[in-house]
Amino acid sequence: MKYGFVKAAAITPAIRVADTRANAASIIGKLREAAAAGAELAVFPELCLCGYTCGDLFGQDVLLEGALDGLREVARASEGMHLLAFVGVPFRLGGVLYNCAAAVNDGKVLALIPKRHLPNYAEFYEKRNFQPYTGENVTVDFDGREIPFGNKLILRCEADREFSVAAELCEDLWVPAPPSVSHALAGANIIVNLSASDETAGKAEYRRLLVRAQSAKTVSAYVYADAGSGESTTDMAFSGHNMICENGEMLAESAPFGAGLAVSEVDVHKLAFERRRINTFYDTSDLGGYTYVPFSAGSADVKLTRAVSPSPFIPAEEGELGARAELILSIQAEGLRSRLGHIGVHRAVIGISGGLDSALALLVAVRAFDALGEDRKGITAVTMPCFGTTDKTYKNSLRLMSALGVTARTVPIADTVRAHFKDIGHDETVRNAAYENAQARVRTLVLMDIANDVGGIVVGTGDLSELALGWATYNGDHMSMYGVNASVPKTLVKYLIRSEGKRLGGEAEAVLEDILATEISPELLPPEGGKIAQKTEELVGPYELHDFYLYYAIRWGFSPAKVYFLAKNAFRGKYDGATLKKWLVSFYSRFFSQQFKRSCLPDGVKVGSVSLSPRGDWRMPSDASAALWLDEAKNLK
């Protein structure tokens with residue numbers, strides 16, 4: 001176990017109904033395979049030591065004793081495997097038979113968890129053979145050792161208490177108030193479900209929905225192991241539909257009637273962070289009755305098999321991406337539409353540079369005006385060429401304005417900036433921060449005054465990535481009257497523009513594609529050979545890296561070491577470790593030092609899971625020290 005990742009396996013072994021010796025051998029074989037693959041948690045189906053479909057054979061002592069003998073064999077085989085396993089077994093207590101999950105670890109049976117809700121409808125008749133358990137935890141003797149018995153048990157890893165596991169069995173998930181709700185509230189970050197859910201048309205989709213929903217609702221990892229090959233097909237078929245979910249996201253799934261194996265790494269530290277963040281999650285004062293059972297498990301290293309997207313803000317599926325882009329654009333447009341309607345203003349002013357952010361802001365403004373039923377000519381789009389403006393960006397600004405049918409204005413600002421240099425005694429040949437920022441501030445001055453002149457508001461263009469890095473001129477492009485891109489990261493800006501271009505088609509799509517192909521630059525330094533000289537990503541680093549760091553460091557609170565570990569997995573073959581480390585150090589340094597710019601942001605609607613608004617998601621003192629984060633980042637190997 002490393003960085004909170006627990007490798008989990010949901011396994012459907014091939015069994016023979018009532019052949020407990022063969023079943024134990026099959027389970028042990030799968031357990032050894034799982035351990036060899038680095039699994040730290042293995043979950044097997046309900047009653048797998050004997051078979052779920054034994055019927056009235058559950059009344060036979062031979063079967064029940066054989067199942068316990070099989071459990072002993074599985075427990076002995078687990079010694080030295082460094083994992084926690086759950087297997088299904090019938091168990092007698094006080095003259096009553098219970099359908100149980102047995103927790104096995106390092107040669108021992110640690111606990112028995114009985115099923116709370118028994119299905120007794122349609123093809124199910126469990127109450128014929130078993131009793132539900134609704135009592136408090138007790139202890140029972142198992143091979144001379146007192147172990148806990150009950151369904152208020154949480155197993156907690158000695159090496160990392162966040163690796164905490166509770167179990168429910170099949171029908172427990174399908175009832176209105178599953179036991180996993182209280183398990184999660186009592187501290188279980190992983191819920192396992194030992195199941196024997198038969199397959200019928202449409203049931204897999206519903207089962208998948210239940211698992212995902214319960215995982216999301218309980219902010220947990222949910223490991224679901226289903227019965228399959230070898231169960232009796234007298235009246236039912238079992239498909240081995242196994243799933244591993246994390247907070248609503250499906251990490252791994254075995255197709256029904258497939259291999260019967262789902263393996264992935266669940267991030268218990270991520271789940272613990274999210275539960276702390278959601279301050280309505282914990283309320284355990286009236287739960288009571290829970291027993292916490294220690295176990296030993298975990299490996300020194302972890303090799304991720306779960307996908308780590310290099311673009312966490314971008315949906316992986318192309319179809320989903322189109323729908324997501326439409327939704328985000330609609331949110332942005334609604335924010336601006338509502339603001340304009342609220343203040344009774346019918347004009348908007350936007351600075352257009354021929355770059356990505358201003359293009360997106362203009363597209364959003366057009367949507368907002370269309371929604372209001374206002375003439376697009378009420379949008380005044382202003383291009384302000386100066387020392388660094390290239391012919392390409394200038395012409396693309398004009399092309400975009402024309403294609404969208406807005407009011408276009410060109411206001412050259414070079415003379416104004418030079419007059420300002422003269423006023424403050426700045427030598428134009430000294431191309432320092434004053435040289436660059438004076439241009440940005442004059443642009444903002446022009447936009448603000450035009451807005452006053454036409455009776456409108458200035459729509460800001462700066463994006464989330466720039467806010468995170470502080471890549472904005474304070475009281476320059478940093479300032480507006482409403483910032484439509486404030487929570488849109490740079491990597492997402494590109495996809496939104498491309499999506500909207502496809503929707504619009506024609507000249508609008510053509511110019512937007514040209515803008516997408518243009519080097520990202522604030523254009524504050526003179527061109528070289530007619531081409532952009534000031535390339536943002538050469539100065540502050542690749543935006544795809546900074547957006548990745550932003551997502552995991554801020555949204556999930558991961559340490560620099562964990563962010564670096566994930567980046568190495570996500571960008572393998574594209575960036576080496578030294579490059580990843582260099583820009584990670586830069587990210588933390590810039591993020592902390594530039595908080596003062598974020599402390600006084602204009603309003604702007606939130607569109608995704610990360611926002612840096614000082615009124616919303618992110619409250620941080622501007623003078624907070626970055627020392628701890630930078631020390632860890634700088635010492636990464």
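Everything numeric in this text was worked out from a predicted model, so none of it was measured.
In this structure the side chain of Leu185 reaches within 4.5 angstrom of the side chain of Phe281, judged on heavy atoms. Inter-residue side-chain proximity for Leu566 and Phe5 is flagged as met; some heavy-atom pair is nearer than 4.5 Å. Within the 4.5 Å cutoff, the side chain of Arg555 has heavy atoms near those of the Phe273 side chain. Counting heavy atoms from C-beta on, the side chains of Leu464 and Val488 never come closer than 4.5 Å. In this structure, the side chains of Met481 and Pro602 stay at 4.5 Å or more apart for every pair of heavy atoms. Two residues are said to be in side-chain contact when any heavy atoms from C-beta on lie closer than 4.5 Å; Val459 and Tyr482 fail this criterion. The shortest side-chain heavy-atom distance between Thr491 and Phe548 does not fall under the 4.5 Å cut-off. Counting heavy atoms from C-beta on, the side chains of Leu545 and Phe587 never come closer than 4.5 Å.
Here Ile497 contributes atom CD1 and Leu492 contributes atom CG; the two are 10.0 Å apart, rounded to the nearest 0.5 Å. For the atom pair NZ of Lys568 and CG of Leu636, the computed distance is 8.0 Å after rounding to the nearest 0.5 Å. Lys494 NZ to Ile515 CD1: the interatomic distance, rounded to the nearest 0.5 Å, is 13.5 Å. Here Lys392 contributes atom NZ and Asp514 contributes atom CG; the two are 4.5 Å apart, rounded to the nearest 0.5 Å. One finds the CG atom of Leu584 at 9.0 Å from the CG atom of Leu630 (value rounded to the nearest 0.5 Å). With values rounded to the nearest 0.5 angstrom, Arg431 atom CZ is found 7.0 Å from Leu525 atom CG.
One finds no salt bridge joining Arg367 and Glu334 here, because no Lys/Arg side-chain nitrogen approaches an Asp/Glu carboxylate oxygen to under 4.0 Å. A salt bridge does not link Lys490 with Glu537: every distance from a Lys NZ or Arg NE/NH1/NH2 to an Asp or Glu carboxylate oxygen is 4.0 Å or more. In summary, Glu513 and Lys502 do not engage in a salt bridge, as defined by a charged side-chain N under 4.0 Å from a carboxylate O.
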Open item on the list: Under the criterion side-chain hydrogen bond (donor to acceptor under 3.5 Å, both in side chains), I'd like the reasoning laid out for Asp357 against Asn485: C-alpha separation, chi angles, the key distance, then a yes or no.
Closed with: CA-CA 7 Å; Asp357 294 341; Asn485 295 338; 4.8 Å; no
Task: Trace of the side chain to side chain contact (heavy atoms under 4.5 Å, CB included) decision for Ser164 with Asn189 - done: CA-CA 5 Å; Ser164 52; Asn189 284 320; 3.7 Å; yes
- [ ] For side chain to side chain contact (heavy atoms under 4.5 Å, CB included), just list the numbers for Leu360 and Gln332, CA-CA rounded to whole Å, side-chain angles, deciding distance to a tenth of an Å, and then say yes or no.
- [x] CA-CA 10 Å; Leu360 178 59; Gln332 290 178 276; 4.1 Å; yes
TODO: Assess whether side chain to side chain contact (heavy atoms under 4.5 Å, CB included) is satisfied between Leu496 and Leu363, documenting all intermediate values.
DONE: CA-CA 10 Å; Leu496 295 177; Leu363 292 170; over 6 Å; no
- [ ] Could you walk me through whether Tyr564 and Lys637 pass the side chain to side chain contact (heavy atoms under 4.5 Å, CB included) test, one step at a time?
- [x] CA-CA 10 Å; Tyr564 180 65; Lys637 303 296 183 184; over 6 Å; no
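Ring-centre distance between Tyr549 and Phe591: not below the 6.0 Å cut-off. For Phe313 and Tyr495, the ring centers sit 6.0 Å or farther from each other.
Panel note: side chain Ser397, backbone Thr393; a donor-acceptor pair is recorded below 3.5 Å. Panel note: side chain Asn105, backbone Leu83; a donor-acceptor pair is recorded below 3.5 Å. Glu538 contributes no side-chain N or O that, together with a main-chain N or O of Gln534, makes up a donor-acceptor pair within less than 3.5 Å. Checking side-chain atoms of Asp477 against main-chain N and O of Thr461 turns up no donor-acceptor pair under 3.5 Å. With hydrogens and angles disregarded, no donor-acceptor distance shorter than 3.5 Å links the side chain of Lys597 to the backbone of His478. The backbone N or O of Tyr474 lies less than 3.5 Å from a partner atom in the side chain of Arg441, making a donor-acceptor pair. A distance-only check finds a donor-acceptor pair linking the side chain of Asn242 to the backbone of Ala10 [under 3.5 Å]. Side-chain atoms of Arg156 never come within 3.5 Å of backbone atoms of Tyr292 as a donor-acceptor pair (strictly under, hydrogens ignored). In this structure, Glu246 contributes its side chain and Asp267 its backbone to a donor-acceptor pair below 3.5 Å. Counting only distance, with no hydrogens or angles, the side chain of Thr444 and the backbone of Ala440 share a donor-acceptor pair below 3.5 Å.
Residues Leu400 and Leu512 share a closest heavy-atom pair of CD1-CD2, 3.8 Å. Ala252 and Ser264 make their closest contact through CB-CB, 3.9 Å (heavy atoms, listed as atom of the first residue, atom of the second, distance). For the pair Leu271 and Ala221, the tightest heavy-atom approach, listed with the atom from each and the gap, is CD1-N, 3.4 Å. Closest of all the heavy-atom pairs between Val219 and Asn247 is CA-OD1, 3.7 Å. Here the shortest heavy-atom pairing between Cys386 and Val417 reads SG-CG2, 4.2 Å. Pairing each heavy atom of Gly388 with each of Gln439, the nearest pair is N-OE1, 4.3 Å.
Using cut-offs of 30° and 60° for the angle between ring planes, the Phe163 and Phe295 rings count as perpendicular. Between His426 and Tyr435, the ring planes lie tilted relative to each other; the angle falls in the 30° to 60° range. In this structure, Tyr552 and Phe558 have parallel ring planes: the angle between them is below the 30° cut-off, well short of the 60° mark. Using a 30° and 60° split on the angle between ring planes, Trp556 and Tyr551 fall in the perpendicular class, above 60°.
For the 3.5 Å distance criterion, the side chains of Ser622 and Ser599 qualify, holding a donor opposite an acceptor. Using a 3.5 Å distance cut-off with no hydrogens or angles, the side chains of Tyr224 and Gln214 do not pair a donor with an acceptor. For the residue pair Glu523 / Ser353, no side-chain donor-acceptor distance below 3.5 Å is found, with atom types taken as modelled.
Atom CZ of Arg619 has more than 12 heavy atoms from other residues, nucleotides or ligands within 6.0 Å. More than 12 non-hydrogen atoms from other residues, nucleotides or ligands lie less than 6.0 angstrom from NZ of Lys606.
Relative to the ring axis of Tyr588, Lys634 does not place its NZ or CZ within 45° and under 6.0 Å from the centre.
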